[in-house]
Trainee: 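Structure in structure tokens, see below.
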Amino acid sequence: MITISDLSKSYGDQTLFSASSLQLDAGSRYGVVGANGSGKSTFLRILAGAEEPSTGEVIYPRKARVGILSQDHFQYEDTPIIDVVMMGNRELWEAMQAKEEILANAENEFDAEKYSVLEDVVLRHNGYEMEVRAAQILEGLSIPSAVHHEPMSTLSGGFKLRVLLGQTLAADPEVLLLDEPTNHLDILSMRWLEVFLCSFRGCVVIVSHDHRFLDNVCTHIIDVDYESLTLYRGNYEHFVEKKLADRERIESEIANREKEIADHQSYVRRFRAQANKARQAQSKIKRMERIVIPSLPKSSRKYPKMTFPMCRPSGRKVVSLAGVSKAFGDNRVLENVEMTVERGDRLAVIGPNGIGKSTLLKILAGSLNADSGEVEWGYETHPGYFAQDHQDILEHQQDTVLSWLWKKAPGKPIGFVLSHLARVLFSREDAEKQVNCISGGEAARLIFARLSVTKPNVLILDEPTNHLDLEGIEALSGSLRKYEGTIIFVSHDRWFVSRLANRIMELTLDGPVDFKGTYEEYLAHCGDDHLDVNTVVQREKNNKKKA
């Protein structure tokens with residue numbers, strides 16, 4: 001489907017990948033993985049034609065239709081939501097609009113020949129089914145039919161990005177290029193997207209940091225590392241195993257050859273001066289010269305070392321909520337929430353977007369007041385908060401990375417602060433950056449460094465994996481599993497939830513569902529909510545009939 005030949009991309013002295021050749025086929029789904037800054041999104045932009053490679057070329061079949069996920073959700077503010085989705089198929093949309101103009105002017109002049117040509121375009125693209133398809137896609141992405149004809153400006157930024165994803169999917173493309181398509185999707189929408197992509201017959205190339213999504217969708221992985229693009233067959237889990245095995249094989253081969261050279265050198269040193277051994281020693285020297293040690297390139301992947309020590313253990317009862325309610329205007333997001341969290345709980349708060357998950361965590365953290373009800377913290381509790389909008393907070397700060405963190409550790413020497421920054425991958429030069437200029441991933445790692453310094457015994461984490469690469473997510477998961485305190489967190493990353501949670505609270509329209517157990521045990525208990533899309537759709541239809 002797509003032929004990539006001798007592809008290279010460099011920026012000055014930095015080489016992202018070089019001399020890479022791949023063949024991407026129809027019916028296959030390729031996950032692009034690598035560290036932040038390794039060149040994943042650059043590779044996708046080259047495929048999309050939005051950026052030129054340094055060398056090489058990308059060859060598509062003639063007239064191949066390519067669907068590209070846009071991130072600019074401000075360009076359609078006054079356009080009805082369903083129209084934005086239908087615009088994905090540009091040829092069909094323009095033909096439908098031109099037909100409407102001809103019909104609107106039919107009393108004055110009717111261009112039958114042009115109308116016939118436009119009708120052929122509409123029929124060729126199944127245009128009379130387009131609005132139904134667009135509506136189905138929007139509902140799959142949890143955008144209800146009641147708002148389909150409202151302008152885009154009525155939606156939040158996250159839901160606008162869902163509409164743009166819907167636009168890409170509705171374009172009837174033969175190639176889909178998706179950069180972080182699961183951002184701003186809740187668990188049900190992610191599962192719907194997985195089903196859609198798995199039934200898609202074209203070629204899909206996806207950049208994503210979601211382990212479970214990559215495992216469920218991808219047939220191949222493209223690894224951007226070692227300054228090259230390497231293709232692996234299988235999903236992300238298989239890729240990790242194969243890459244590790246390949247690395248161990250190369251390391252073992254290097255070790256064996258180095259040992260062989262050392263043995264030859266030892267022999268030469270011992271017997272070179274002996275006349276009866278001189279010939280054998282010379283032979284050993286020639287053998288050493290013929291031994292080639294394969295190079296072991298340096299990986300671009302870097303794993304932060306996150307640690308979360310506690311100041312002291314908390315009391316048994318960590319926090320209680322009694323009758324907590326919250327509304328924003330007419331939108332009531334929390335209603336009479338009752339909950340008690342105990343020491344050692346790792347409570348995952350899940351549910352669709354807009355149901356009140358982040359609001360609940362903000363109330364717990366004290367950054368938002370409830371309209372009614374009480375929040376009572378237990379004995380010797382010291383909470384630490386990771387806000388979903390942490391980057392917005394840092395944007396208003398004038399500190400450097402170093403001075404910002406140092407304020408959280410008064411009285412500590414500079415070496416203490418620099419060592420904590422180094423653990424989360426800030427170099428000495430990075431430490432002098434202004435915090436209002438750092439990237440989303442850097443901001444997240446800086447907040448984790450603060451939590452390490454302040455030593456809370458309760459962690460309140462709102463989407464902590466946002467902005468982290470796969471290595472950062474794995475490091476965070478491993479560190480939190482070792483943490484001895486209590487964790488209350490919101491995440492749409494199912495792999496992360498399944499690795500960490502021992503208790504699930506799902507916020508629903510009928511109130512919270514509190515389950516003592518892991519995410520997998522919760523899925524087995526409820527049986528349908530997250531894995532069986534057809535059951536979910538039928539349940540929603542039944543709920544609408546009841547309403």
Side-chain angles (χ1 to χ4, degrees), residues 141-144 147 154-162 183-190 318-341 345-378 381 383-395 440 443-444 447 451 456 458-467 486-494 496-497 500-501 503-515 519 522 529-530:
L141 295 171
S142 300
I143 300 176
V147 302
T154 61
L155 297 178
S156 67
F159 276 94
K160 287 176 184 176
L161 290 173
R162 292 193 192 196
N183 281 358
H184 306 287
L185 296 186
D186 56 28
I187 288 173
L188 290 179
S189 298
M190 271 195 272
V318 172
V319 65
S320 295
L321 282 73
V324 169
S325 299
K326 183 65 182 179
F328 299 95
D330 294 332
N331 182 23
R332 182 164 290 278
V333 292
L334 297 174
E335 182 71 42
N336 199 33
V337 176
E338 305 275 342
M339 176 178 72
T340 297
V341 178
D345 279 349
R346 291 154 186 252
L347 173 65
V349 182
I350 65 173
N353 284 354
I355 200 72
K357 303 184 300 296
S358 292
T359 300
L360 178 61
L361 262 59
K362 287 178 180 178
I363 291 172
L364 284 171
S367 65
L368 184 68
N369 292 324
D371 295 337
S372 60
E374 294 183 359
V375 177
E376 182 182 353
W377 284 94
T381 51
Y385 180 41
F386 180 100
Q388 185 177 165
D389 54 359
H390 59 269
Q391 198 172 9
D392 295 338
I393 298 170
L394 293 175
E395 283 177 0
I447 301 295
L451 292 174
V458 184
L459 289 174
I460 303 171
L461 310 175
D462 192 358
E463 294 291 359
T465 62
N466 281 2
H467 304 293
T486 302
I487 306 173
I488 305 169
F489 70 105
V490 167
S491 178
H492 288 143
D493 187 322
R494 293 159 296 168
F496 186 76
V497 173
L500 193 59
R503 179 178 173 186
I504 306 293
M505 173 172 280
E506 180 170 15
L507 301 185
T508 73
L509 294 175
D510 298 324
V513 177
D514 193 354
F515 180 83
Y519 183 59
Y522 179 62
D529 284 53
H530 306 91

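These values consider heavy atoms only, across backbone and side chains, with no hydrogens, waters or symmetry-generated copies.
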Trainee: Taking ring-ring contact (aromatic ring centres under 6.0 Å, His included) as the test, write out the residues that go with Tyr385, two or more places apart.
Mentor: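 With neighbours one apart ignored, the set is empty.
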Trainee: Would you give me the side-chain donor-acceptor pairs under 3.5 Å for residues 322-332, sequence neighbours excluded?
Mentor:
unit_1 : atom_1 : unit_2 : atom_2 : d
Ser325 : OG     : Asn336 : N      : 2.8
Lys326 : NZ     : Asn369 : O      : 3.0
Lys326 : NZ     : Asp371 : OD1    : 3.2
Arg332 : NE     : Glu335 : OE1    : 3.3
Arg332 : NH1    : Glu335 : OE1    : 3.4

Trainee: How long is the span from the CZ atom in Phe386 to the CD1 atom in Ile487, to the nearest 0.5 Å?
Mentor: 13.5 Å
Trainee: Any side-chain to backbone donor/acceptor pair from Arg503 onto Asp345? Under 3.5 Å, distance only.
Mentor: no
Trainee: So, the side chain of His492 versus the backbone of Glu463: is there a donor-acceptor pair under 3.5 Å, distance only?
Mentor: no
Trainee: For residues Ser491 and Val497, report the shortest heavy-atom separation together with the two atoms involved.
Mentor: O-CG2, 3.8 Å
Trainee: Can you classify the ring geometry of Phe515 versus Tyr522 as parallel (below 30°), tilted (30 to 60°) or perpendicular (above 60°)?
Mentor: tilted
Trainee: Which distance, rounded to the nearest 0.5 Å, do you find between the CG of Leu185 and the CG of Leu161?
Mentor: 9.0 Å
Trainee: Decide yes or no on side-chain contact (heavy atoms from CB on, under 4.5 Å) for Ile355 and Leu509, but give the supporting numbers first.
Mentor: CA-CA 8 Å; Ile355 200 72; Leu509 294 175; 3.8 Å; yes
Trainee: When rounded to the nearest 0.5 angstrom, what is the spacing between CG in Leu347 and CG in Leu361?
Mentor: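 Taking CG in Leu347 and CG in Leu361, the distance rounds to 8.5 Å.
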Trainee: Side-chain contact, heavy-atom cut-off 4.5 Å: Val458 with Val341?
Mentor: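 Side-chain contact under 4.5 Å: no.
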Trainee: Apply the side-chain contact (heavy atoms from CB on, under 4.5 Å) test between Leu321 and each candidate in Leu334, Leu360, Thr340; give the one that qualifies.
Mentor: Leu360
Trainee: Is the shortest side-chain heavy-atom distance between Ser189 and Arg162 below 4.5 Å?
Mentor: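 With C-beta onward as the side chain, the pair touches.
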Trainee: Could you grab the distance from atom CG of Asp493 to atom CG of Leu500, nearest 0.5 Å is fine?
Mentor: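 Reported value, rounded in 0.5 Å steps: 11.0 Å.
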Trainee: Working to the nearest 0.5 Å, report the span between CG of Asp510 and OG1 of Thr508.
Mentor: 4.5 Å
Trainee: Determine which pairs satisfy salt bridge (Lys or Arg N to Asp or Glu O under 4.0 Å) with at least one residue from residues 352-369, sequence neighbours left out, and list them in order.
Mentor: none
Trainee: If I compare all heavy atoms of Pro383 with all of Trp377, which pair ends up nearest, and what's the gap?
Mentor: CB-CH2, 3.9 Å
Trainee: Using 0.5 Å steps for rounding, measure from the OG1 atom of Thr359 to the CG atom of Leu364.
Mentor: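 Interatomic distance, Thr359 OG1 to Leu364 CG, rounded to 0.5 Å: 11.0 Å.
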Trainee: Does the pair Tyr519 and Ile504 meet the rule for a side-chain contact (heavy atoms from CB on, under 4.5 Å), with working shown?
Mentor: CA-CA 7 Å; Tyr519 183 59; Ile504 306 293; 4.2 Å; yes
Trainee: For Pro456 and Leu451, which heavy atoms make the closest approach, and how far apart are they?
Mentor: CD-O, 3.1 Å
Trainee: Under the side-chain contact (heavy atoms from CB on, under 4.5 Å) rule, what do Phe489 and Val349 come out as? Steps first, then yes or no, please.
Mentor: CA-CA 6 Å; Phe489 70 105; Val349 182; over 6 Å; no
Trainee: As a quick check of understanding, evaluate side-chain contact (heavy atoms from CB on, under 4.5 Å) for Val319 and Ile488, giving each step before the final call.
Mentor: CA-CA 10 Å; Val319 65; Ile488 305 169; 4.2 Å; yes
